[in-house]
Amino acid sequence: MPPGASPAASAEAWTWENAAAGAAAGFATVATLHPLDVVRTRFQVSGGRGCYDLPPYRNTAHAVYTIARSEGLRGLYAGFYPAVLGSTVSWGLYFFFYNRAKQRYLQGKDDQLRPVHHLVSAAEAGALVCLFTNPIWLVKTRLQLQTPSHHTSRYSGFSDALRTILKEEGWLALYRGIGPGLLLVTHGAIQFTAYEELRKALIFAKSRQTRTDNRSCDDSLNSIDYAALGAGSKVTAILLTYPYQVIRARFNDLVVMALQSTKIAGM
């Protein structure tokens, strides 16, 4: 803590630092791995009722090859702008709300929060982020599911998709899939709870090896430790909540197909 700084001011600064770090991490992740997100979204709706516009993909490599060959680099980066915007905003807000919630639960307690506090803090943050960012993710999914075989006019980009949805479907359409989205709040809650508990377990194990206090051992965690903690908690959350992501993607795809059928019938 800087000399003369109050604990409240230090906590506030730390909250904003976490928000900035989360936003930067969200941007970097999407910028690097977006083509895989496109493939994942198309696999999620593959075999569903509204996916007749999508070619069959055998595996991830075949999906990347097919999209690149038939749609070019543009196809692999479909929905890139809303994905970057959504991920940056989501993770920035998530870390901000999450740390503010933890600070609230820490008042009048010792330095250790129980797992239920981490779970509730993450759930609160996830619900707030979902309400703020659902329109961005809806537009992203629709752009990713566009193929050259679409029977109606395609969205030319994020702003065009947003204007078209508002004009043709109304603002409530931007919150389609909000139910599964709120269910996916459990993803972040599980991930962050698992992360916090795994971190405490690793700190305890290191403190026993070095025979030091747990608090001082917290600073001894290195980049590999944090990477392992992040990966382990993420895998745990994905295994437990992935079906909700499939339901959300298919729900949005069915809405798009229904709208397309209505337009075709009215021609």
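Just so you know, these numbers use all the heavy atoms, side chains as well, and skip hydrogens, waters and symmetry mates.
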Chemist: With ring pair (Phe, Tyr, Trp, His ring centres under 6.0 Å) as the rule and sequence neighbours excluded, what pairs involving residues 175-203 come up?
Modeler: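 Passing the test, one end in residues 175-203: Tyr94-Phe192, Phe95-Phe192, Tyr98-Phe192.
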
Chemist: With sequence neighbours left out, which residue pairs that include part of residues 126-141 fulfil the salt bridge (Lys or Arg N to Asp or Glu O under 4.0 Å) condition?
Modeler: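 Residue pairs passing salt bridge (Lys or Arg N to Asp or Glu O under 4.0 Å), neighbours aside: Asp37-Lys140.
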
Chemist: Indicate yes or no: at least one non-hydrogen side-chain atom of Val89 is less than 4.5 angstrom from one of Phe132.
Modeler: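 No - every pair of side-chain heavy atoms lies 4.5 Å or more apart.
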
Chemist: Return the set of residues passing side chain to side chain donor-acceptor pair (under 3.5 Å) with Asn134 (not counting sequence neighbours), or none when no residue passes.
Modeler: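 By the side chain to side chain donor-acceptor pair (under 3.5 Å) rule, Asn134 matches Arg248.
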
Chemist: If you look at every heavy atom in Thr32 and Pro35, which pair is closest and at what distance?
Modeler: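 Here Thr32 and Pro35 meet closest at O-CD, 4.5 Å.
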
Chemist: In Å, rounded to the nearest 0.5 Å, how long is the span from CG of Leu174 to CD of Glu169?
Modeler: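 Rounded to the nearest 0.5 Å, the CG-CD separation comes to 8.5 Å.
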
Chemist: Who are the side-chain contact (heavy atoms from CB on, under 4.5 Å) partners of Leu128, not counting sequence neighbours?
Modeler: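 With neighbours one apart ignored, the set is Phe97.
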
Chemist: When you compare the side chain of Lys200 with that of Ile203, does any pair of heavy atoms fall below 4.5 Å?
Modeler: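 With C-beta onward as the side chain, the pair stays apart.
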
Chemist: Taking Ser87 for the side chain and Ala83 for the main chain, is one N or O donor matched with an acceptor at less than 3.5 Å?
Modeler: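 The answer is no, because no donor-acceptor pair under 3.5 Å joins these two groups.
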
Chemist: Kindly compute the distance separating CZ (Arg100) from CG (Leu93), expressed to the nearest 0.5 Å.
Modeler: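 Rounded to the nearest 0.5 Å, the CZ-CG separation comes to 12.5 Å.
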
Chemist: Rounded at 0.5 Å granularity, tell me how far CZ in Phe43 sits from OG1 in Thr60.
Modeler: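 Taking CZ in Phe43 and OG1 in Thr60, the distance rounds to 5.0 Å.
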
Chemist: Output all residues satisfying side-chain contact (heavy atoms from CB on, under 4.5 Å) with Thr193, sequence neighbours left out; order by chain, then residue number.
Modeler: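 Checked Thr193 against side-chain contact (heavy atoms from CB on, under 4.5 Å); matches are Pro115, His118, Leu119, Glu197.
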
Chemist: Counting only N and O atoms by type, is there a donor-acceptor contact under 3.5 Å from the side chain of Ser233 to the main-chain atoms of Gly230?
Modeler: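 Checked: pair present.
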
Chemist: Can you find a heavy atom in the side chain of Val185 that is under 4.5 Å from one in the side chain of Val129?
Modeler: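 Not touching, per the 4.5 Å side-chain cut-off.
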
Chemist: Measuring only between side-chain heavy atoms, which start at C-beta, is Thr186 closer than 4.5 Å to Leu240?
Modeler: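 No. Closest side-chain heavy atoms not under 4.5 Å.
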
Chemist: If you group Ile, Leu, Val, Met, Phe, Trp and Tyr by side-chain heavy-atom gaps below 4.5 Å, do Leu33 and Val84 land in one group?
Modeler: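 Not linked; separate clusters.
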
Chemist: Are Leu166 and Ile136 joined in one hydrophobic group, where the rule is that I, L, V, M, F, W and Y side chains link up if heavy atoms are under 4.5 Å apart?
Modeler: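 Yes, it is one cluster - the side chains of Leu166 and Ile136 are joined through contacts under 4.5 Å.
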
Chemist: Taking Val139 as the starting point, is it possible to reach Leu131 by hopping between hydrophobic residues whose side chains are less than 4.5 Å apart?
Modeler: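 Linked within one cluster.
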
Chemist: Closest heavy-atom contact between Ser121 and His117?
Modeler: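 Shortest heavy-atom separation between Ser121 and His117 comes out as OG-O, 2.7 Å.
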
Chemist: What pairs with Ile67 under side-chain contact (heavy atoms from CB on, under 4.5 Å), at least two apart in sequence or on another chain?
Modeler: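 For Ile67 the side-chain contact (heavy atoms from CB on, under 4.5 Å) partners, ignoring immediate neighbours, are Val38, Val39, Arg42, Tyr57, Glu71, Leu76.
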
Chemist: Less than 4.5 Å apart, any side-chain heavy atom of Leu198 and any of Thr236?
Modeler: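 A side-chain contact under 4.5 Å is absent here.
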
Chemist: May I ask you to test the Tyr242-Arg40 pair for a side-chain heavy-atom distance under 4.5 Å?
Modeler: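 Yes, close enough: below the 4.5 Å cut-off.
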
Chemist: How close do Pro82 and Leu143 get, counting heavy atoms only, and between which atoms?
Modeler: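 Answer, listing the atom of Pro82 first, then Leu143: CG-CD1, 3.8 Å.
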
Chemist: Work out which heavy atom in Ala237 is nearest to a heavy atom in Thr241; give both atom names and the distance.
Modeler: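 Residues Ala237 and Thr241, closest heavy atoms: O-OG1, 2.7 Å.
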
Chemist: Between Leu138 and Ala173, what is the shortest heavy-atom contact and its length?
Modeler: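 So the minimum-distance heavy-atom pair works out to CD1-O, 3.2 Å.
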
Chemist: For Leu172, I'd like to know if atom CG has over 12 heavy atoms of other residues, nucleotides or ligands within 6.0 Å.
Modeler: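 Counting neighbours around CG of Leu172, more than 12 heavy atoms of other residues, nucleotides or ligands fall under 6.0 Å, so yes.
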
Chemist: If you link ILVMFWY side chains whenever their heavy atoms are less than 4.5 Å apart, which other residues fall into the same cluster as Val235? By chain and number, please.
Modeler: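 Via sub-4.5 Å side-chain contacts, Val235 links to Leu239.
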
Chemist: Side-chain contact, heavy-atom cut-off 4.5 Å: Phe158 with Leu85?
Modeler: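 The answer is yes; the side chains approach within 4.5 Å.
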
Chemist: With sequence neighbours left out, write down each residue that passes side chain to side chain donor-acceptor pair (under 3.5 Å) with Arg104, or none if nothing qualifies.
Modeler: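 Listed in chain order: Glu124.
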
Chemist: Mind checking what makes side-chain contact (heavy atoms from CB on, under 4.5 Å) contact with Ala23, not counting sequence neighbours?
Modeler: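 Scan of Ala23 (side-chain contact (heavy atoms from CB on, under 4.5 Å), adjacent residues dropped) gives Thr88.
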
Chemist: Does Phe80 have any ring pair (Phe, Tyr, Trp, His ring centres under 6.0 Å) partners at least two apart in sequence or in another chain, and if so, which?
Modeler: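 Residues passing ring pair (Phe, Tyr, Trp, His ring centres under 6.0 Å) with Phe80: His34, Tyr77.
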
Chemist: Are Leu229 and Ile224 linked, directly or through other ILVMFWY residues, by side chains that come within less than 4.5 angstrom of each other?
Modeler: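 Leu229 does not cluster with Ile224.
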
